[in-house]
Amino acid sequence: MTDRNAKLSMRVALAMFVKPEIERLRFAKQLGVEDIILWGNTFSRPPHKDVRPGGADMEISFDQLLELRTMIESQGLRLFGIENLPQHFYDKIFWGKDGREEQLEHYCNSIRNMAAAGIYNLGYNWIPYGVKRSSYTYPIRGGALATAYDHEDMKQAPLYFGRKYTEEEFWDNYSYFIKGILPVAEECGVTISAHPNDPPVESIGGVPHLFRNVDAYLKAFEIYPSNNHKVTLCLGNFEEMGGNLFETIRFFGERDKIHYVHFQSVSGSVPQFHEEFIDSGDYDPYEIVSALKEVNFNGVMIPGHVPQTEGDVEWRTIESDRYTPYHHPMGGYRARAYTIGYINGLINAVGRK
């Protein structure tokens, strides 16, 4: 088991959108990756597939988690944590429906099982339908394809869940969730962090986007103050918010609230933006890593969304599409390898300052 108390430095990691295979883990190791983040969606059955009694499809088991951790460690890597437990684990909590008490207990059991299996980091989101984009074929450098968003295109979106929900409803349901899971996370020594809404707009299709600015995080932290509750610092999303990204890094970093980083780049901000290569967006990635070093960030940074490059093989698989809400290209092996190499170079360069 990896020593969780070992002093580690700022480093690159890779997210797996499907249950990892040895070949993918070797690929990650060959790129200089040290840590893996797994999507919780990828090793739980969808709720309509052979549901087993007793809540077995409502939480991630100790056996599943231990198998995954030891498999990753067999390739000389660490399992940093889990991101995004399946939506059907907490959809009743999300919408404030009957049965949320049972879901909350199972969600807490997943956290307990993580700790028992030696996994102490969990990312979550408050986004019922995943990332929203106007286009997944926006041409950027050399004809690579990126995602793009124009809020004007989304203003006439239908009500995605039957009616318009209020922010007050969403905050009430979120409060129930966070007050329920944080005491368990503290007890187990698990750190949790919230990913921003993507895009960080007020609402789409009758669904409020709570985590669209820094103030939302401050409100979330006040609901149940805890050192175990932090921010998944998605650079693309915080850039889309239109604020000063470096001030955001300093603000959260000085308060030890940066859990880990999604290193993705964009041009523009709400109401209109598109994603870019790591070196062609609006921010200077060298200055980003320098700012993270200045606030003593010592966690992992993963490539977030990357462009779809010529001849690339999509990182996602048919299997992962069965388990997650994203059914569009999110970048392949080549683009991720490029991004990882770039991040590793930045870390080395900043470390020599």
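In this chain, residues are counted from 1 in sequence order.
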Aromatic ring pairing [X]/[Y], orientation class (parallel under 30°, perpendicular over 60°, tilted between):
X	Y	answer
Trp95	Tyr165	tilted
Tyr124	Tyr174	parallel
Trp126	Phe94	parallel

Check this for me, if you would: do [X] and [Y] make a salt bridge, where the nitrogen-to-carboxylate-oxygen distance has to be below 4.0 angstrom?
X	Y	value
Asp279	Arg141	yes
Glu34	Arg78	yes
Lys219	Glu167	no

Kindly indicate, with the supporting measurements, whether the criterion ring pair (Phe, Tyr, Trp, His ring centres under 6.0 Å) is fulfilled by His259 and Phe80. CA-CA 11 Å; His259 190 196; Phe80 175 80; 5.7 Å; yes
Glu202 atom CD, over 12 foreign heavy atoms within 6.0 Å: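 No - once you tally the heavy atoms of other residues, nucleotides and ligands closer than 6.0 Å, there are 12 at most.
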Mind checking salt bridge (charged side-chain N to carboxylate O under 4.0 Å, His left out) for Arg250 and listing every partner two or more places apart, or none if nothing turns up?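 Testing Arg250 for salt bridge (charged side-chain N to carboxylate O under 4.0 Å, His left out), a comparison that skips the adjacent residues, returns none.
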Tell me, please, which residues at least two apart from Glu240 pass salt bridge (charged side-chain N to carboxylate O under 4.0 Å, His left out).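 With sequence neighbours excluded, Glu240 shows a salt bridge (charged side-chain N to carboxylate O under 4.0 Å, His left out) to Arg133, given in chain and number order.
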Rounded to the nearest 0.5 Å, what separation is found between the CZ atom of Arg212 and the CE atom of Met241?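 Here the interatomic distance stands at 10.0 Å.
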Under a 3.5 Å distance rule, please check whether [X] uses its side chain to pair with a backbone N or O of [Y] as donor and acceptor.
X	Y	result
Asn298	Met10	no
Ser61	Gln64	yes
Arg112	Ser110	no
Asp198	Val131	no
His209	Pro199	yes

Give the intermediate values and the outcome of side chain to side chain contact (heavy atoms under 4.5 Å, CB included) for residues Leu210 and Trp171. CA-CA 8 Å; Leu210 298 186; Trp171 276 116; 3.5 Å; yes
Examine the side chains of [X] and [Y] and answer whether a donor and an acceptor come within less than 3.5 Å of each other.
X	Y	answer
Asn197	Asn237	no
Gln103	Asp91	yes
Tyr107	Arg100	no

Spell out, yes or no, whether [X] and [Y] are grouped together once hydrophobic residues are joined by side-chain heavy atoms under 4.5 Å, including indirect joins.
X	Y	value
Ile223	Tyr90	yes
Ile302	Met16	no
Val350	Leu292	yes

Which atom names give the shortest non-hydrogen contact between Ala148 and His274, and what distance separates them?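 Shortest heavy-atom contact: CB-CB, 3.7 Å.
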Could you pull out the closest heavy-atom pair between Leu77 and Val33, with the gap in Å? CD2-O, 3.2 Å
Under the criterion side chain to side chain contact (heavy atoms under 4.5 Å, CB included), I'd like the reasoning laid out for Ile340 against Leu14: C-alpha separation, chi angles, the key distance, then a yes or no. CA-CA 8 Å; Ile340 287 168; Leu14 186 60; 3.6 Å; yes
Could you go through the side chain to side chain contact (heavy atoms under 4.5 Å, CB included) check for Glu59 and Asn113 one step at a time? CA-CA 9 Å; Glu59 60 187 57; Asn113 291 337; 3.8 Å; yes
Using the ring of [Y] (Phe, Tyr or Trp, six-membered ring only), decide whether [X] places NZ or CZ under 6.0 Å from its centre and within 45 degrees of its axis.
X	Y	answer
Lys230	Phe221	no
Lys29	Phe27	no
Arg336	Tyr338	no

Criterion side chain to side chain contact (heavy atoms under 4.5 Å, CB included) on Leu182 and Ile192, from CA distance to verdict: CA-CA 8 Å; Leu182 261 174; Ile192 67 172; 3.7 Å; yes
